[in-house]
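Keep in mind it's a predicted model, so treat the numbers as computed, not measured.
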Amino acid sequence: MIEVTFPDGAKREFPDDATPLSIAESISKSLAKRTVLARVNGELRDAKRPLGGDATLELLSFSDPEALEVARHDAAHVLAQAVQELFPGTQVTIGPVIEDGFFYDFARKEPFSTDDFERIEAKMREIVDRDLPIEREVWAKEKAISHFKTIGEDYKAQIIDDVIPPGEPITLYNHGGEWSDLCRGPHLPSTGRLPKAFKLMKLAGAYWRGDHRNEMLQRIYGTAWLNEADLKAHLTRLEEAEKRDHRRLGRQMDLFHMQEEGKGMVFWHQKGLTLWRTIEAYVRRRLDAAGYVEVRTPQVLDRKFWEQSGHWEKYRENMFVAETAEDETLSLKPMNCPGHVQIFKFGQKSYRDLPLRMAEFGACHRYEPSGSLHGLMRVRAFTQDDAHIFCREDQIEDETAAFIELAASIHADFGLERDHISLGTRPELRAGSEAFWDRAEAQMLNAARKAGVEPVIAEGDGAFYAPKLDFQLKDAIGRTWTCGTIQLDYVLPERLDAEYVGEDGAKHRPVMLHRAILGSLERFIGVLIENYAGAFPMWLSPVQVVVASISEATEAYAEEAADVLRKAGLRVETDLRGEKINYKIREHSLAKIPVIAVVGAKEAEDRKLALRRFGSSDQTIIGLEEGAALLALEARPPDIARAQDAAASTAAAAAG
RNA sequence: GCCGCGUUAGCUCAGCUGGUAGAGCACCGCAUUCGUAAUGCGGGGGUCAGGUGUUCAAGUCACCUACGCGGCACCA
């Protein structure tokens with residue numbers, strides 16, 4: 001007999017061959033029916049796998065999140081079986097669980113088509129209906145390898161050979177003797193337990209073991225849920241996300257466009273550029289206030305320059321290069337840092353000049369692989385809100401901590417919540433000694449802690465020359481975006497021979513901190529569009545107020561009202577068309593204009609505005625001048641609002 | 001860059017197994033002057049991404065190219 005301890009602390013004895021499922025059965029039939037998985041001594045196990053000794057046991061049902069994960073894994077297996085039944089000769093490789101679903105990579109000469117999905121899904125449902133018992137088998141390594149080789153599953157044989165560490169048991173999961181797959185498990189007791197709320201989503205190429213030198217496999221993605229309602233909710237979420245796609249909104253809202261002659265390049269329309277200017281002006285104020293100096297460096301520089309900075313050697317294939325009629329080779333700048341070092345080196349710098357925070361809204365060009373381009377999120381021409389902080393080594397932590405606080409405040413002003421900050425540590429390919437990395441990583445970690453942040457370690461994610469901190473932000477629908485980074489650099493000052501004179505009168509090497517808060521303006525605007533689904537807060541909105549006239553009779557007053565609003569600093573458009581007011585309201589509401597000011601005979605007579613705000617059907621009647629002042633107050637950028645409010649309260653205190 | 005899928009009016013899309021293009025919205029014109037999410041009527045607009053081929057005949061079939069989309073790889 002073995003002794004089993006339950007979550008409530010109760011202990012009971014069961015036969016030696018007891019399994020979680022048999023134990024569930026001995027307790028109650030309904031419990032057995034619910035049990036799909038077990039946690040044995042803290043480890044997830046098949047419900048049908050014998051405990052094998054005294055153990056703590058927790059029986060899991062589909063109400064436990066772990067069970068959904070396992071169901072998704074089963075869906076991947078059922079997919080693999082279905083595909084192999086329908087397309088004999090297809091080899092299976094790997095099929096893991098991912099967020100919201102699963103995928104399986106297959107090796108097959110002929111391409112799959114999304115038209116096959118319906119058949120495959122039908123076959124998957126059929127396999128579920130067959131309710132095949134899923135059995136775990138433990139195999140000897142050599143036997144397993146030769147088994148997979150014999151049945152033509154070379155990839156599986158390779159996994160056992162290369163990937164599974166020696167000593168770890170080789171387990172196969174068998175679907176009722178019909179089909180089996182190498183798998184770590186655990187799995188559901190039978191295929192019949194898999195909820196049919198799954199759907200195949202997309203087809204994609206994927207390199208074997210993620211290496212582009214290897215052959216390309218065909219990956220089928222699916223989503224799987226516990227019930228139809230959850231599946232439907234997920235599909236609805238995807239539709240909603242599509243509606244806020246910045247590429248779609250960018251076109252609808254007339255913000256920007258891209259065209260084939262300029263792959264990865266943006267044509268900013270008036271409204272998009274208004275957003276841009278608003279953001280740039282805001283960031284510039286914040287940088288001015290934080291003790292940065294702003295500079296601008298050349299767009300195109302001679303090859304010799306890039307050779308010296310090391311970019312020609314390391315970054316050549318990502319640079320746009322031009323030949324001149326005078327046989328010079330020039331390159332568009334992919335980064336601003338070498339340029340900033342030149343300004344640093346112009347004249348002599350003293351330790352008194354440090355830290356020197358040099359900022360540039362730097363337009364950079366990088367030749368990115370065509371397949372990686374994606375709307376505003378990944379482009380070939382972009383403007384970074386870049387800056388380099390030249391400082392002494394003992395200033396790194398304070399500067400980094402101050403930067404974290406500045407970035408956090410700016411991100412918050414844009415309505416983006418921080419998910420976490422990651423610390424990218426030494427990558428496999430790196431420059432510098434272990435001692436250097438130990439020190440540099442500790443500096444970044446301490447700086448983050450100084451700013452009250454515990455970073456999440458991203459092992460091996462650092463730059464090749466130093467560690468970095470990345471800001472992971474969360475948008476309105478929970479997606480995370482990397483915006484903002486700070487990277488330590490001892491290498492570039494050395495390469496480009498930057499120096500300052502220290503207190504001791506001798507020359508010293510400064511350290512550089514590369515940092516950006518938004519990343520690139522392009523990408524950040526993309527993130528903002530998706531975060532707000534195009535409904536920007538007043539201060540960002542390209543058009544803040546539309547003055548809509550009710551009839552021709554109020555045209556003159558509408559113009560006058562718009563003028564007053566403009567003089568108050570608002571971005572205003574008028575709509576004087578001979579359309580009905582309903583039509584105008586609908587149109588400007590769909591355009592997500594923050595405020596519609598309706599003016600009819602009544603308003604014209606009393607010199608008033610009827611204000612209607614986005615997302616509400618209420619209207620407020622207010623005097624024209626009063627309304628202009630109120631809206632101008634609402635339209636203040638957050639930093640200006642804070643400064644004015646603080647000044648006002650100081651004045652009030654002084655007066656009171 | 002690699003794999004798959006797409007490309008039809010300004011936008012969103014329809015066009016069956018080949019028989020010389022269609023809707024809604026937008027746009028333009030006319031009428032309407034209207035009180036908080038679509039006024040009516042009329043009109044213009046397409047080398048069906050580009051090219052080559054098969055065919056009596058190609059938006060439709062085949063191949064090539066470009067671009068886009070979804071992934072993969074890349075993002076010092």
Please give, in whole Å, the distance from [N] [atom2] to [X] [atom1]?
X      : N      : atom1 : atom2 : answer
A:R248 : B:rC13 : CZ    : C1'   : 12 Å
A:D116 : B:rC3  : CG    : C1'   : 15 Å
A:I220 : B:rC3  : CD1   : C1'   : 13 Å
A:E317 : B:rC75 : CD    : C1'   : 11 Å
A:N214 : B:rC74 : CG    : P     : 12 Å

Exercise. Are a donor atom and an acceptor atom from the side chains of A:Q472 and A:H420 found within less than 3.5 Å of each other?
Worked result: no

For this session: For A:Q544 and A:E573, test the side chains for any donor-to-acceptor distance below 3.5 angstrom and give the result as yes or no.
Result: no

Exercise. Out of A:W437, A:F436, A:F390, which residue meets the ring pair (Phe, Tyr, Trp, His ring centres under 6.0 Å) rule with A:Y490?
Worked result: A:F436

For nucleotides 66-73 of chain B, tabulate all protein N/O to nucleotide N/O atom pairs closer than 3.5 Å, reporting atom names and distance.
residue	atom	partner	partner atom	Å
B:rC67	OP1	A:K263	NZ	3.1
B:rC69	OP1	A:R247	NH1	3.3
B:rG70	OP1	A:R247	NH1	3.4
B:rG70	OP1	A:R247	NH2	2.8
B:rG70	OP2	A:R247	NH1	3.3
B:rG70	OP2	A:H374	ND1	3.4
B:rG71	O3'	A:Y221	OH	3.0
B:rG71	O2'	A:Y221	OH	3.1
B:rG71	N2	A:G205	O	3.4
B:rC72	O4'	A:G205	O	3.1
B:rC72	O2'	A:Y207	N	3.1
B:rA73	O2'	A:H212	ND1	3.2

Exercise. A:F403 vs A:F471 aromatic rings, parallel, tilted or perpendicular, using cut-offs 30° and 60°?
Worked result: perpendicular

Exercise. Which of parallel (below 30°), tilted (30 to 60°) and perpendicular (above 60°) describes A:F112 and A:F106?
Worked result: perpendicular

Separation between the [atom1] atoms of [N] and [M], rounded to whole Å:
N      : M      : atom1 : result
B:rU60 : B:rU8  : C1'   : 11 Å
B:rC28 : B:rU65 : P     : 42 Å
B:rG50 : B:rC41 : C1'   : 40 Å
B:rC69 : B:rC13 : P     : 14 Å
B:rG44 : B:rG22 : P     : 13 Å

Exercise. Reading nucleotides 34-48 of chain B 5' to 3', which nucleotides get B (base under 4.0 Å from a protein heavy atom), which S (sugar-phosphate only), which -?
Worked result: BBBBBB---------

Exercise. Under the ring-ring contact (aromatic ring centres under 6.0 Å, His included) criterion, do A:H257 and A:F267 qualify, and how do the steps go?
Worked result: CA-CA 5 Å; A:H257 86 271; A:F267 289 78; 4.5 Å; yes

For [N], give the paired nucleotide (Watson-Crick: N1-N3 plus N6-O4 or O6-N4; G-U: N1-O2 and O6-N3; both under 3.5 Å), or none.
N      : answer
B:rG18 : none
B:rG24 : B:rC11
B:rG68 : B:rC5

Problem set entry | Nearest non-hydrogen partners of A:Q619 and A:A610, listed with the distance | OE1-CB, 3.6 Å

Exercise. For RNA chain B, whose closest nucleotide is more 5', that of A:Y315 or that of A:Y367?
Worked result: A:Y367

For this session: Identify, between A:L217 and A:E552, the residue whose nearest nucleotide on RNA chain B lies closer to the 5' end.
Result: A:L217

For this session: Any chance you could lay out the ring-ring contact (aromatic ring centres under 6.0 Å, His included) test for A:F102 and A:H73, step after step, and finish with the verdict?
Result: CA-CA 7 Å; A:F102 59 93; A:H73 197 179; 9.6 Å; no

Problem set entry | Salt bridge flag under 4.0 Å for residues A:R515 and A:D489 | no

